[in-house]
Amino acid sequence: MKEFNTAVICNPQKHYMVDISEKIDRIAGRYIEAGKYFSINRGRQYGKTTTLGALARRLKKDYYCFQISFEGEEAMFESEYGMASGIVDLIGNELNLEQVPEKLADRWNRPIDAEKPFRDLGRRITELCRDSDRGIVLMIDEADRASDNQMLLRFLGMLRDKYIQREMGRDSTFQSVILAGVYDIKNLKLKLRPDEEHRYNSPWNVAVDFEEDLSFSPKEIAGMLEEYESDYHTGMDIRTISELIYDYTSGYPVLVSGICKRLDENVAGMEAFPDRTAAWTGEGVAEAVKIIEHTRMPLFEDMIKQLKDYPELKEILRSILFEGASIPFNDYNDVLNLAKMFDYIKSVSGRVEVSNRIFEVVLYDYFLSEEAVGNATNRDAELNRSQFISGGRLDMEALLCKFAEHYSCVYTDNDQRFVEKYARKIFLLYLKPVINGTGNYYIEAQTRDAKRTDIVVDYRGEQFVVETKIWYGPQYNEDGERQLCEYLEQLHLKKGYMLTFSFNRNKKTGVRQTVVGDKQLWEITV
């Protein structure tokens with residue numbers, strides 16, 4: 001049987017995979033057949049290597065495809081000779097694999113000229129491409145791995161110049177060159193030391209923008225699940241499950257495969273999910289997401305590393321998540337451009353948003369963990385946790401009432417600006433230790449702003465929606481009730497909660513219940 005794969009490259013013979021054949025056909029027609037040079041830049045584990053492999057298989061009948069990688073080849077970037085001879089060696093291996101005529105291979109593999117290595121390399125590329133019986137496509141994976149970028153820039157400069165000469169009818173070179181990596185080659189200057197930036201000369205300005213979306217749509221996810229369902233007959237609602245997986249991941253490939261892998265290998269067989277039929281449900285997906293969010297993954301580790309390397313990015317994300325800050329996206333802002341390149345953020349209607357729900361929760365948990373140790377709110381929730389769990393169910397009413405008591409003791413004397421800024425974080429610091437290990441939560445991006453947000457809590461298959469907001473008067477409160485009810489309707493829930501932080505001197509604190517239409521609302525004012 002096949003399995004879901006989250007490691008390096010997917011093999012359609014071994015793994016359940018999204019069918020990307022239509023995307024591959026578009027890439028082949030729009031870029032390769034048109035002789036374009038381009039870069040495929042996406043975040044870690046975004047399926048770049050798998051895409052290159054599928055594209056090579058698609059092109060095999062019409063082109064020679066040389067698939068080389070710079071991973072583990074750092075030594076070749078130490079000198080011009082090292083770079084030129086390294087390229088000759090890497091492509092030499094591909095000549096054998098692609099069964100290029102022996103005469104061409106022998107000419108290519110002769111020793112490199114030690115005095116003029118780059119000039120020699122350029123001549124070889126011309127001879128190989130001129131005399132080949134078909135066009136040659138060069139694919140370079142991990143193209144941003146060079147430790148000394150100047151050698152890489154020189155090589156790219158050569159490819160650029162040969163491309164220009166080809167367009168003028170003065171040279172022969174590769175039909176197409178594809179660079180794959182996290183860093184956009186156009187933005188390699190972001191990796192250079194300040195004293196090196198003056199040497200950066202945009203060596204890849206002949207490349208066209210790569211506009212193919214490599215994320216998985218709900219329809220594409222459903223196609224993968226149909227193949228799985230034909231093997232296991234779980235009875236799952238494929239459309240519902242695929243849309244739910246997309247809601248959590250926004251189609252980030254390794255997260256999509258990760259949820260499916262956890263459902264198949266970890267969730268199925270749990271006490272609450274004794275078989276695959278029980279696992280492939282909405283509750284099972286929530287359980288799989290919880291496992292992923294609490295697992296050390298290279299993707300998450302790299303994200304936390306980048307936050308430490310770029311403190312400005314960390315503060316931007318913190319302000320979006322906890323303060324509801326609305327930050328305009330600008331391509332000329334290096335920090336935002338870098339975050340988008342890593343696929344940590346996306347631009348929605350010109351504003352910055354975290355790219356998917358799973359990333360959001362990982363970031364929330366990381367930021368909260370920095371403050372949890374010794375925090376009075378976190379400690380109080382830990383001490384009272386047993387009061388909020390009864391018969392395996394979360395008592396949200398008891399939790400909110402106890403939080404109100406704690407807040408009145410600890411935060412009453414804080415100024416309004418402090419609480420307005422950190423209200424959401426204060427409540428999450430209380431909520432997290434209560435549900436940790438059993439439940440999960442996410443923040444609804446469509447309702448998150450500086451004034452209100454909806455926190456959705458999943459606990460053992462039961463959902464709760466808690467709207468946190470600042471008091472801005474009775475009309476705003478009524479609008480909040482209406483909006484909460486609309487959101488409850490979307491989630492097919494009858495009960496919701498409103499946690500209001502009020503600075504009105506005549507405010508009435510405490511708990512009241514109200515009914516709006518067919519929805520029951522618990523309103524807690526502190």
Side-chain angles (χ1 to χ4, degrees), residues 243-244 246-248 250 282 285-286 289-290 293 317-326 348-349 351-365 367-368 394 396-397 399-400 403-404 407 419-432 434-435 439-459 461-472 476-502 511 513-526:
E243 289 177 349
L244 187 56
Y246 182 83
D247 285 343
Y248 278 109
S250 296
V285 172
V289 169
K290 184 186 72 176
E293 290 172 348
L317 293 174
R318 192 197 300 271
S319 65
I320 291 172
L321 296 177
F322 288 117
E323 301 168 34
S326 180
V348 178
S349 300
R351 298 287 168 176
V352 175
E353 287 188 8
V354 178
S355 60
N356 60 69
R357 284 181 178 174
I358 291 179
F359 279 3
E360 278 197 350
V361 173
V362 170
L363 289 169
Y364 272 117
D365 285 353
F367 291 141
L368 291 172
L394 174 64
M396 184 59 76
E397 290 90 346
L399 186 152
L400 288 167
F403 171 78
Y407 178 89
V419 177
E420 283 183 340
K421 188 173 183 179
Y422 297 115
R424 184 179 311 160
K425 180 165 64 176
I426 293 169
F427 177 65
L428 288 174
L429 277 168
Y430 200 87
L431 172 70
K432 189 174 184 303
V434 175
I435 66 171
N440 205 9
Y441 70 95
Y442 66 86
I443 311 300
E444 176 49 58
Q446 298 303 315
T447 67
R448 181 180 58 227
D449 57 32
K451 296 181 178 180
R452 64 180 291 264
T453 191
D454 289 325
I455 300 171
V456 183
V457 181
D458 289 306
Y459 194 90
E462 192 172 5
Q463 274 194 326
F464 307 86
V465 178
V466 182
E467 178 184 294
T468 62
K469 65 184 182 67
I470 307 298
W471 174 267
Y472 288 107
Y476 184 78
N477 193 67
E478 290 178 14
D479 291 342
E481 291 176 341
R482 175 181 53 78
Q483 291 167 336
L484 176 57
C485 289
E486 291 174 354
Y487 189 50
L488 291 172
E489 186 68 23
Q490 293 178 31
L491 297 180
H492 309 292
L493 297 175
K494 295 295 186 182
K495 183 187 293 186
Y497 305 87
M498 296 180 68
L499 176 59
T500 302
F501 297 82
S502 175
V511 180
Q513 297 183 51
T514 185
V515 175
V516 179
D518 64 342
K519 309 301 181 189
Q520 181 183 1
L521 304 183
W522 278 65
E523 300 188 22
I524 297 90
T525 303
V526 296

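Below, all heavy atoms of this structure are taken into account, side chains as well, without hydrogens, waters or symmetry copies. As the structure is a computational prediction, the values presented were derived from the model and not from experiment.
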Legend entry - E397 vs I524 side-chain heavy atoms within contact, under 4.5 Å: no
Legend entry - D454 to E467 - nearest heavy-atom pair and separation: OD1-CB, 3.2 Å
Inset, instruction - Look at R357 together with D247 and state whether they make a salt bridge at an N to O cut-off of under 4.0 Å. - result: no
Legend entry - Pairwise distance CD(E293) to CG(D365) - rounded to 0.5 angstrom: 7.0 Å
Inset, instruction - With rounding to the nearest 0.5 Å, note down the distance linking CG in L394 to CD in Q463. - result: 12.5 Å
Inset, instruction - Assess the pair Y407 and Y430: is the distance between their ring centroids shorter than 6.0 Å? - result: no
Inset, instruction - Any chance you could lay out the side chain to side chain contact (heavy atoms under 4.5 Å, CB included) test for I320 and E353, step after step, and finish with the verdict? - result: CA-CA 8 Å; I320 291 172; E353 287 188 8; over 6 Å; no
Legend entry - Nearest non-hydrogen partners of G496 and L484, listed with the distance: C-CD2, 4.3 Å
Inset, instruction - Please tell me if the side chains of T514 and E523 come closer than 4.5 Å, counting only heavy atoms from C-beta onward. - result: yes
Inset, instruction - Could you tell me whether the side chain of S250 and the main chain of S355 form a donor-acceptor pair under 3.5 Å? - result: yes
Legend entry - Nearest-0.5 Å distance, CG of residue D458 to OH of residue Y441: 12.5 Å
Legend entry - Under 3.5 Å donor-acceptor, R482 side chain and V516 backbone: no
Legend entry - Any residue meeting ring pair (Phe, Tyr, Trp, His ring centres under 6.0 Å) with Y422, in chain and number order, not counting sequence neighbours: F418
Inset, instruction - Taking the side chain as every heavy atom from C-beta outward, state whether Y476 and I470 have any pair of such atoms under 4.5 Å apart. - result: no
Legend entry - Counterpart residues, side-chain contact (heavy atoms from CB on, under 4.5 Å), relative to Q520 (two or more places apart): K495, Q513, W522
Legend entry - L399 side chain near M396 side chain, heavy-atom distance below 4.5 Å: yes
Inset, instruction - May I ask you to check whether N356 and Y442 show a side-chain donor-acceptor distance below 3.5 Å? - result: no
Legend entry - Close side-chain approach of V511 and L400, heavy atoms under 4.5 Å: no
Legend entry - Ring center gap for F427 and F403 short of 6.0 angstrom: yes
Inset, instruction - For the residue pair L488 and V465, establish whether any side-chain heavy-atom pair is separated by less than 4.5 Å. - result: yes
Legend entry - Note, L431 side chain near L428 side chain (heavy atom, < 4.5 Å): yes
Inset, instruction - Indicate, with yes or no, if the rings of F322 and Y364 have centres closer together than 6.0 Å. - result: yes
Legend entry - Nearest-0.5 Å distance, CG of residue N440 to NZ of residue K432: 9.5 Å
Inset, instruction - Please assess K519 against E489 for the test salt bridge (Lys or Arg N to Asp or Glu O under 4.0 Å), listing each intermediate value before the final yes or no. - result: CA-CA 9 Å; K519 309 301 181 189; E489 186 68 23; 2.8 Å; yes
Inset, instruction - Measure the spacing between CG of L321 and NZ of K425 and express it to the nearest 0.5 Å. - result: 11.0 Å
Inset, instruction - Write down the atom of R351, the atom of S326, and the distance for their closest heavy-atom approach. - result: CD-OG, 3.2 Å
Legend entry - pair W471-T525: side-chain heavy atoms closer than 4.5 Å: no
Legend entry - Interatomic distance, T453 atom OG1 to K469 atom NZ [nearest 0.5 angstrom]: 13.0 Å
